[in-house]
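Here is the structure we will look at, set down as structure tokens.
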Amino acid sequence: MAESIPVAPSPARAHDHEHPAEPGFIRKYLLSTDHKVIGLQYMFTGMAMALLGGFLAYVFRMQLAFPGIDVPLFGVVSPNEYNSLITNHGAIMIFWVAMPVLIAAFGNYLIPLMIGADDMAFPRLNRLSYQLFLVSALVLLASFFVEGGAFGGAWTMYPPLSASSEFNQTPLGTTLFICAVALEFVAFLMGGINFVTTTMNSRAPGMRMYDIPMVVWMIVLASILFMASVGPLVAGAVMLLFDHTLGTAFFDPQRGGDPILWQHLFWFFGHPEVYVVLLPAVGIVAEIITVFARKKLFAYKTVLYTAFGTGVLSFTVWAHHQFIAGIDPRMANVFTITTLLISVPIAEMMFVYIATLYGGSIQLATPMLWALAFIAEFLIGGVTGIFLGASGSDIYLHDTYFVLAHFHYTFFPIAIIGSFAAISYWYPKMFGRMLNETLGKIHFWGTVIPFNTIFIPLFVLGAAGEHRRIWDFAQFPELASEPLRNLDKVATVSLVIMLAFQAVFLFNFFWSLRRGQKAGKNPWHANTLEWTTESPPPHGNWKQMPTVYRGPYEYSVPGRDADFWPQNEPA
Amino acid sequence: MSARPIATTRSAAGMPTGRLAVWWVIASEIVIFGGLLGSYVMFRLGHDAFADQAAHTNTWIGAFNTFVLLTSSLFAVLGHKAADAGDGRRAARMLYLTAAGGMIFLTAKAFEWTTEIQHGFTISAHTFWSFYYTAAGLHALHVVAGIVIMLIVAAQARKNLELQRVELIGLYWHFVDVVWIFLFPLLYIAK
């Protein structure tokens with residue numbers, strides 16, 4: 001067994017010669033253990049789920065703006081269906097879009113390429129993780145077709161609504177929903193262990209801790225954060241499943257259980273989860289702004305330590321979701337302080353990025369536009385969070401559309417803008433061709449402008465008292481005033497426009513696969529290792545494994561002709 | 001997967017990849033059991049009625065099982081020692097003994113649970129019993145998984161293949177053991 005072999009490049013092992021015959025479709029795409037194929041599988045699954053999640057949003061937004069309308073492609077939305085739609089929109093976008101695309105797809109694709117390895121440390125575990133993830137997605141989809149329909153108790157699954165089919169009226173849908181979420185957690189635990197181990201052990205010779213590209217660090221930290229926070233919720237999911245199916249009473253107050261316990265278990269995971277998806281997006285943005293500003297990342301170590309600090313702090317803020325759930329007001333004070341504290345490291349990251357941009361020679365290519373939009377939009381999300389972290393104002397704003405708008409101003413930049421930034425930046429590496437810049441820019445503006453016109457009205461509606469999870473506001477005279485209803489219509493129309501513009505992206509994506517301009521090895525003149533191999537990289541990634549000589553962000557180094565300096569180039 | 005990728009054989013952090021990964025598996029398991037047992041302790045502190053229910057657990061079977069599991073861990077260590085010395089056949093024999101310990105544990109558990117269920121202490125009888133069956137059941141699931149993996153590792157070790165895995169399954173088995181050391185006082189002794 002060669003496990004203890006010291007770090008040494010093995011150029012002799014050219015994989016092309018080991019696999020002379022081209023494998024068939026099933027072996028190549030369904031049973032592949034190649035990290036690149038698995039990464040793309042995660043990405044395409046995530047994209048398909050994103051389309052579904054967007055469609056669900058379209059249906060319930062139509063119902064909100066035009067109550068009782070026969071929604072095109074769906075039909076009339078009943079109250080139960082409305083609940084199922086919002087629940088599954090939330091769960092899908094977080095668990096089956098943000099996590100698979102940001103962590104699993106880019107983690108799988110980029111980690112081995114960026115640290116100079118030929119694959120993950122455990123390729124078969126990697127494949128199992130994707131297969132389990134796919135099963136979890138299918139279980140969730142199946143829940144739409146069972147008797148009673150899909151679960152409708154919100155993605156937070158609060159008991160007693162989620163614990164008894166007497167209340168939620170979806171006996172099978174709830175069980176399938178809990179199972180799907182639990183399976184998804186297991187898939188990501190396996191993937192996370194693989195990411196952490198690979199980055200710790202499989203780095204190219206010469207790559208020290210501070211030579212690791214930021215996006216790899218961030219995905220690894222996110223995996224550790226996920227691993228450390230999800231455990232209690234896995235236990236909680238088992239307890240909830242038993243409550244729902246076996247008649248136990250963990251969360252049933254009438255029989256000695258405690259529904260608040262679920263909220264603690266859920267948010268102990270739920271709040272770190274925000275940082276689980278935030279960190280990879282922050283890492284992606286770091287890669288892009290350094291390349292397109294042709295500047296070294298300002299304060300690499302500060303960003304890294306800030307991310308560590310964020311991770312630690314994120315375990316101390318969860319009860320800010322429960323200010324009105326009857327927790328002790330003295331506890332509310334503590335959680336207000338920790339919540340406001342956590343905005344400090346995040347603000348620091350934003351300042352570091354602005355300092356990186358300062359004085360750079362900025363090129364506004366599509367990936368850079370997405371990265372800049374991330375900084376601008378996430379800033380709004382962060383600032384509005386201050387109102388909700390302070391228990392005084394949260395008691396008024398809790399469960400209104402203000403919360404919802406704040407949440408989307410954080411998650412949309414993370415999951416959607418961050419993913420588009422990454423896809424437009426690494427597309428040439430993944431498929432060997434460039435995306436069309438004009439179509440990319442049309443898609444960018446067609447996504448970012450409507451995004452703001454969806455959610456700015458919702459801030460106003462929330463501050464006016466409009467409560468979440470209401471199927472038809474016509475039933476509430478004080479909320480049904482004409483100006484408020486009109487704001488709802490603005491949001492819905494904007495959503496439809498934004499969804500329509502995604503067709504531009506899909507067209508660009510698939511058209512460029514065949515018709516795009518050839519990318520070559522390093523179209524962006526970037527430093528990191530993935531740009532030193534072919535596009536797309538062959539099986540095994542390099543004919544000769546690279547050795548690393550310097551950090552990833554040596555741009556515009558004085559005294560050099562080229563304004564970039566690849567990590568593997570000897571001095 | 002005949003040839004291992006280069007990534008698997010590197011060891012930049014100075015620890016074999018397999019051992020590193022098992023430690024991360026254990027770390028993620030600690031928080032799962034931690035969440036469950038933490039919830040149980042919070043309930044226990046707030047509800048005196050739990051003690052009345054806990055009085056019906058069988059401390060003797062619990063103690064016997066603790067003894068069996070700890071003994072099986074000893075065999076796991078002896079197996080590791082044999083594997084380090086390159087004696088695959090002896091390592092496999094030790095792993096079979098460890099697996100036998102796990103099976104005795106499960107048999108005693110089956111007997112214990114049957115008796116309790118016959119006396120009406122089912123999983124939905126009281127929140128104490130819900131925790132009792134969920135926590136011990138989750139633990140038993142880990143014992144079953146450990147036995148299956150151990151038999152696979154032993155079958156390879158017999159042929160002197162993948163001897164480093166003897167240590168890895170041993171690590172996992174010790175973890176399962178430690179979880180039981182938390183469960184035994186929490187569910188059986190504290191009355």
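Sequence lines set the chain letters: A, B, ... in the order given, protein chains first and strands last, and positions in each chain run from 1.
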- Query: If you draw a 6.0 Å radius around NZ in B:Lys109, do more than 12 non-hydrogen atoms from other residues or ligands fall strictly inside?
  - Reply: yes
- Item | Toward chain A: residues of residues 41-74 of chain B with heavy atoms under 4.5 Å | B:Phe43, B:His47
- Per-residue contact mode, A:Ile224 against chain B (heavy atom under 4.5 angstrom): side chain
- Query: Is the side chain of A:Asp243 donor-acceptor paired with the backbone N or O of A:Phe251 at a distance under 3.5 Å, no angle test?
  - Reply: yes
- Please identify each residue that fulfils ring-ring contact (aromatic ring centres under 6.0 Å, His included) with B:His142, with sequence neighbours left out. B:Phe33
- Centroid-centroid distance, A:Phe185 to A:Phe269, less than 6.0 Å: yes
Mind listing the side-chain donor-acceptor pairs of residues 93-101 of chain B below 3.5 Å, one per line with the distance, residues two or more places apart or on another chain?
residue	atom	partner	partner atom	Å
B:Thr98	OG1	B:Ala76	N	3.4
B:Thr98	OG1	B:Met94	O	2.7

- Query: Looking at B:Gly38, B:Ala21, B:Ala135, B:Gly35, which makes the most heavy-atom pairs under 4.5 Å with chain A?
  - Reply: B:Ala21
- Honestly, the part of A:Phe250 sitting under 4.5 Å from a heavy atom of chain B is both
- Task: In plain terms, say whether A:Asp252 and A:Arg255 are close enough for a salt bridge, that is, a side-chain N and a carboxylate O under 4.0 Å apart.
- Result: yes
- What part of A:Met207 is in contact with chain B, defined as an atom under 4.5 angstrom from a non-hydrogen atom: side chain, backbone, both or neither? neither
- Message: So that I can tick it off, tell me whether B:Arg4 and B:Glu162 are bridged by a salt bridge, with the cut-off set at under 4.0 angstrom between side-chain N and carboxylate O.
- Response: yes
- Query: Side chain, backbone, both or neither: which part of A:Leu265 has a heavy atom under 4.5 Å from chain B?
  - Reply: side chain
Only distances under 3.5 Å count here; give the side-chain donor-acceptor pairs of residues 186-194 of chain A to other protein atoms, sequence neighbours excluded, each with its distance to 0.1 Å.
residue	atom	partner	partner atom	Å
A:Asn194	OD1	A:Phe122	N	3.2
A:Asn194	ND2	A:Phe122	O	2.8

